[in-house]
Undergrad: 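For reference, the structure I am asking about is given below.
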Amino acid sequence: MSKTINARSPKGFRDFLPETMMRRNYVMETITDVFHRFGFEPLGTPILELRETLLGKYGEDAEKLIFSAQHGRSSKDPLAMRYDLTVPLARVVAQHESELSFPFKRYHIAPVFRGERPQRGRYREFYQCDADIVGVAGIAADAEIVTMTQRILERLNFPQFTIKINHRKLLTAIGEFSGLPDAQLPDLYRSVDKFDKIGADGVRQELIERQIQPEAVSRMMELLQAYEPGSGNLDFIAEALGEGDNGLDDLRGLANVLSDAGLPATCYDFDFTMARGLGYYTGPIFETVISQPNLGSITGGGRYDELVGMFRKQSLPTTGISFGIERIINLMDELDLYPAHLGGTLVQALVTVFSRETSTASMKVANQLRDAGINTELYFEPRKLGRQFSYADKKGIPIVAIAGPDEIEAGLVKLRRLSDGEERRSPMSDLASAVADMLGAH
RNA sequence: GUGGAUGUAGCUCAACGGCAGAGCGCCUGAUUGUGGUUCAGGUGGUUGAGGGUUCAAGUCCCUUCAUCCACCCCA
């Protein structure tokens with residue numbers, strides 16, 4: 001016997017066993033269904049991209065996080081594993097422009113790779129779930145993104161969530177209003193974005209530590225904390241900032257469309273402390289948080305009108321959303337938001353095998369159920385019935401079908417529902433509907 | 001990249017420097033046509049790896065690997 005290989009996965013990479021995988025699929029299928037409902041269509045791109053495609057925009061910081069993927073013999077065309085789905089989208093739009101019709105509405109659910117040190121909820125391979133609209137400059141597109149976000153979270157049964165809305169230009173305007181030099185704007189975004197985490201005092205302290213003038217900090221904090229639900233918020237800040245290219249028109253327009261669309265006022269909010277990191281955003285930005293209890297953010301997105309310009313002389317206006325699907329799945333596990341029919345198995349019926357002599361009859365029963373659309377497992381060898389029941393019970397299969405000598409003789413199949421022990425005898429001709437009935441009445 | 005914690009049976013964890021254990025799981029039987037509950041028996045280990053101290057190391061020391069947590073970063 002040769003020495004065995006240690007069974008382990010690379011750091012930050014995971015296996016998903018069937019029970020987990022079925023929950024993941026449910027979440028992705030539910031989201032996909034709503035994407036379709038809004039007219040978004042799927043896009044697929046390679047896991048590998050040319051290294052230059054990925055590095056163009058983000059430079060050194062990205063370099064450390066990117067997995068290279070080199071073919072053993074080739075030194076041409078350095079390759080790397082994609083670390084998001086947005087850059088590939090921008091590339092596809094530029095590369096296949098003539099084959100697409102605009103507005104181009106696509107969604108993409110697929111794994112991406114980052115060489116980060118793994119931590120809770122952070123892996124080196126994880127799924128991203130994006131929906132974007134390319135080719136529409138107006139806020140109608142942004143509004144559709146927000147509306148769809150609300151529909152999706154509703155469909156997933158989240159009892160409470162808030163879609164925070166802000167505007168990149170407004171953040172800049174607030175910084176300038178406070179007398180902040182342009183060079184310090186990124187510091188501003190970074191600190192302000194931690195508002196939920198470290199509070200107003202924490203942000204103030206961090207801004208001061210970042211060498212920002214105390215006066216500027218005070219003026220800014222006053223504006224940022226101006227908080228009233230609804231559009232009163234917008235009025236207050238408009239008065240302070242005056243007119244200008246500060247994004248307030250966009251936000252007002254968004255507020256109107258969302259209101260007209262009938263979105264519950266409790267599910268979105270204009271929040272000037274939300275910053276979405278550094279990024280490529282140029283217009284309205286969105287982030288959904290679960291705040292009761294405070295469980296952090298589950299979506300992030302916004303308008304990024306310049307990104308396609310990475311690959312094309314003239315850019316195309318783009319807005320979109322990314323669902324933090326790993327985090328959503330975590331929260332759904334914790335909050336137990338899955339529908340009851342998602343059990344430990346998708347098998348609906350187990351057909352037992354009594355003996356060698358009756359195994360053909362059992363197989364016919366199983367195939368009849370399968371043909372009728374019932375997920376059916378046929379036990380593989382004749383063993384004690386108790387063993388076969390025990391297997392069904394352990395796996396969570398709701399119905400056990402028995403075709404023993406007595407039943408075969410009478411042209412019947414005995415059905416037993418494990419949850420309550422209910423038993424019926426059904427003629428072969430009526431089998432599928434009897435099983436469906438027992439499943440339904442469950 | 002920085003700091004902290006933890007590695008013992010398939011899983012969750014015990015064991016003062018002195019015979020490596022428990023619960024759960026798994027297997028067999030009680031029960032040869034019926035699961036869960038119960039009872040009886042059984043299977044289970046290079047104590048992450050390597051070195052050192054000691055009469056004696058799961059335990060103490062050093063190295064290393066892995067995992068988790070908090071930072072940094074988050075496109």
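Heavy-atom basis, side chains included; hydrogens, waters and symmetry copies ignored.
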Undergrad: State the pairing partner of B:G7; accept Watson-Crick or G-U wobble contacts with both distances under 3.5 Å, and report none otherwise.
TA: B:C65
Undergrad: Are A:D250 and A:K169 close enough, and set up right, to give a salt bridge (charged side-chain N to carboxylate O under 4.0 Å, His left out), and what steps lead you there?
TA: CA-CA 10 Å; A:D250 281 350; A:K169 287 179 179 169; 5.8 Å; no
Undergrad: Considering only atom P, compute the distance from B:U59 to B:G51 and round it to an integer number of Å.
TA: 14 Å
Undergrad: Give the intermediate values and the outcome of salt bridge (charged side-chain N to carboxylate O under 4.0 Å, His left out) for residues A:R24 and A:E326.
TA: CA-CA 9 Å; A:R24 293 176 67 85; A:E326 303 288 354; 2.9 Å; yes
Undergrad: Who is the Watson-Crick or G-U wobble partner of B:C71, with both distances under 3.5 Å?
TA: B:G1
Undergrad: From CZ of A:R122 over to P of B:C71, roughly how many Å is that when rounded to an integer?
TA: 10 Å
Undergrad: Does a nitrogen or oxygen in the side chain of A:K194 sit under 4.0 Å from OP1 or OP2 of B:C74?
TA: no
Undergrad: In this structure, how many angstroms lie between the C1' atom of B:C73 and the CD1 atom of A:I66, rounded?
TA: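 Distance check: A:I66 CD1 to B:C73 C1' gives 14 Å.
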Undergrad: My understanding is that a pair needs two contacts under 3.5 Å, Watson-Crick or G-U wobble. By that rule, which nucleotide pairs with B:U47?
TA: none
Undergrad: Let me see the working for A:D142 and A:T319 under side chain to side chain donor-acceptor pair (under 3.5 Å), right down to the final yes or no.
TA: CA-CA 6 Å; A:D142 304 277; A:T319 185; 2.7 Å; yes
Undergrad: For B:C73, does the base pair up with any side-chain atom of A:R117 as donor and acceptor (N or O, under 3.5 Å, distance only)?
TA: no
Undergrad: Give A:R383 one of three labels, base, sugar-phosphate or nothing, depending on what nucleic acid heavy atoms sit under 4.0 Å from its own.
TA: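 Sugar-phosphate contact only - A:R383 comes under 4.0 Å of backbone atoms but never of a base.
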Undergrad: Taking atom P in both B:U31 and B:U8, what distance in whole Å separates the two?
TA: 41 Å
Undergrad: Whole Å only: how far is the CG atom of A:D132 from the P atom of B:A75?
TA: 15 Å
Undergrad: Using a cut-off of 4.0 Å between protein heavy atoms and nucleotide atoms, how would you tag nucleotides 33-39 of chain B 5' to 3' with B, S and -?
TA: BBBB---
Undergrad: Strictly by modelled atom types, are A:N367 and A:R370 linked by a side-chain donor-acceptor pair under 3.5 Å?
TA: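 Yes, A:R370 and A:N367 have a side-chain donor paired with an acceptor closer than 3.5 Å.
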Undergrad: Pick the C1' atom in B:G7 and in B:A15, then give their distance to the nearest Å.
TA: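 Comparing C1' positions in B:G7 and B:A15 gives a spacing of 16 Å.
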Undergrad: Taking the P atom of each, how far is B:C13 from B:C68, in whole Å?
TA: 14 Å
Undergrad: Take A:P10 and A:F113, find for each the nucleotide of RNA chain B with the closest heavy atom, and name the residue whose nucleotide sits nearer the 5' end.
TA: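 Here A:P10 is the residue nearer the 5' end.
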Undergrad: What's the CZ-P distance between A:R124 and B:C68, to the nearest Å?
TA: 11 Å
Undergrad: Ignoring hydrogens and angles, answer whether the base of B:C74 and the side-chain atoms of A:R114 contain a donor-acceptor pair closer than 3.5 Å.
TA: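 No.
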Undergrad: Taking atom P in both B:U43 and B:U28, compute the distance separating them and give it to the nearest angstrom.
TA: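 Going atom to atom, P in each nucleotide, I get 14 Å.
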Undergrad: If every non-hydrogen atom of A:L418 is compared with every non-hydrogen atom of A:I397, which pair is closest and at what distance?
TA: CD1-O, 3.6 Å
Undergrad: Just checking A:K395: does its NZ atom have more than 12 heavy atoms from other residues, nucleotides or ligands closer to it than 6.0 angstrom?
TA: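 Yes, enclosed.
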Undergrad: Please state how far atom CZ in A:R51 lies from atom C1' in B:A75, giving the value in whole angstrom units.
TA: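 From A:R51 CZ to B:A75 C1': 15 Å.
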Undergrad: Could you work out the separation of B:G3 and B:G18 based on their P atoms and round it to a whole Å?
TA: 34 Å
Undergrad: Suppose we define a pair by two distances each less than 3.5 Å, Watson-Crick or G-U wobble; what does B:G18 pair with here?
TA: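 Paired with B:G18, as far as the under-3.5 Å criterion goes, is B:C55.
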Undergrad: Can you check the distance between B:A22 and B:C60, where both ends of the measurement are the C1' atom (answer in whole Å)?
TA: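 The answer is 26 Å between these two C1' atoms.
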Undergrad: Could you tell me the separation between the CD atom of A:E116 and the P atom of B:C68, rounded to a whole number of Å?
TA: 14 Å
Undergrad: Please give the distance between the C1' atoms of B:G23 and B:C55 as a whole number of Å.
TA: 35 Å
Undergrad: Using Watson-Crick or G-U wobble geometry with both distances under 3.5 Å, which nucleotide pairs with B:C39?
TA: B:G29
Undergrad: Between A:K11 and A:K384, which has a closest nucleotide on RNA chain B that is more 5'?
TA: A:K384
Undergrad: Rounded to the nearest angstrom, tell me the gap between atom CZ in A:R14 and atom P in B:C68.
TA: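 Whole-Å distance recorded here is 11 Å.
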Undergrad: Run through A:F35, A:F323, A:F40 and flag the one making a ring-ring contact (aromatic ring centres under 6.0 Å, His included) with A:Y107.
TA: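 Between A:Y107 and the candidates, ring-ring contact (aromatic ring centres under 6.0 Å, His included) is satisfied uniquely by A:F35.
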Undergrad: Just by distance, do the side chain of A:K414 and the backbone of A:D406 share a donor-acceptor pair under 3.5 Å?
TA: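 Not at all, since once roles are kept as given, no pair shorter than 3.5 Å links the two residues.
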Undergrad: Does the plane of the ring in A:Y304 sit parallel, tilted or perpendicular to the ring in A:Y280? Use 30° and 60° as the thresholds.
TA: tilted
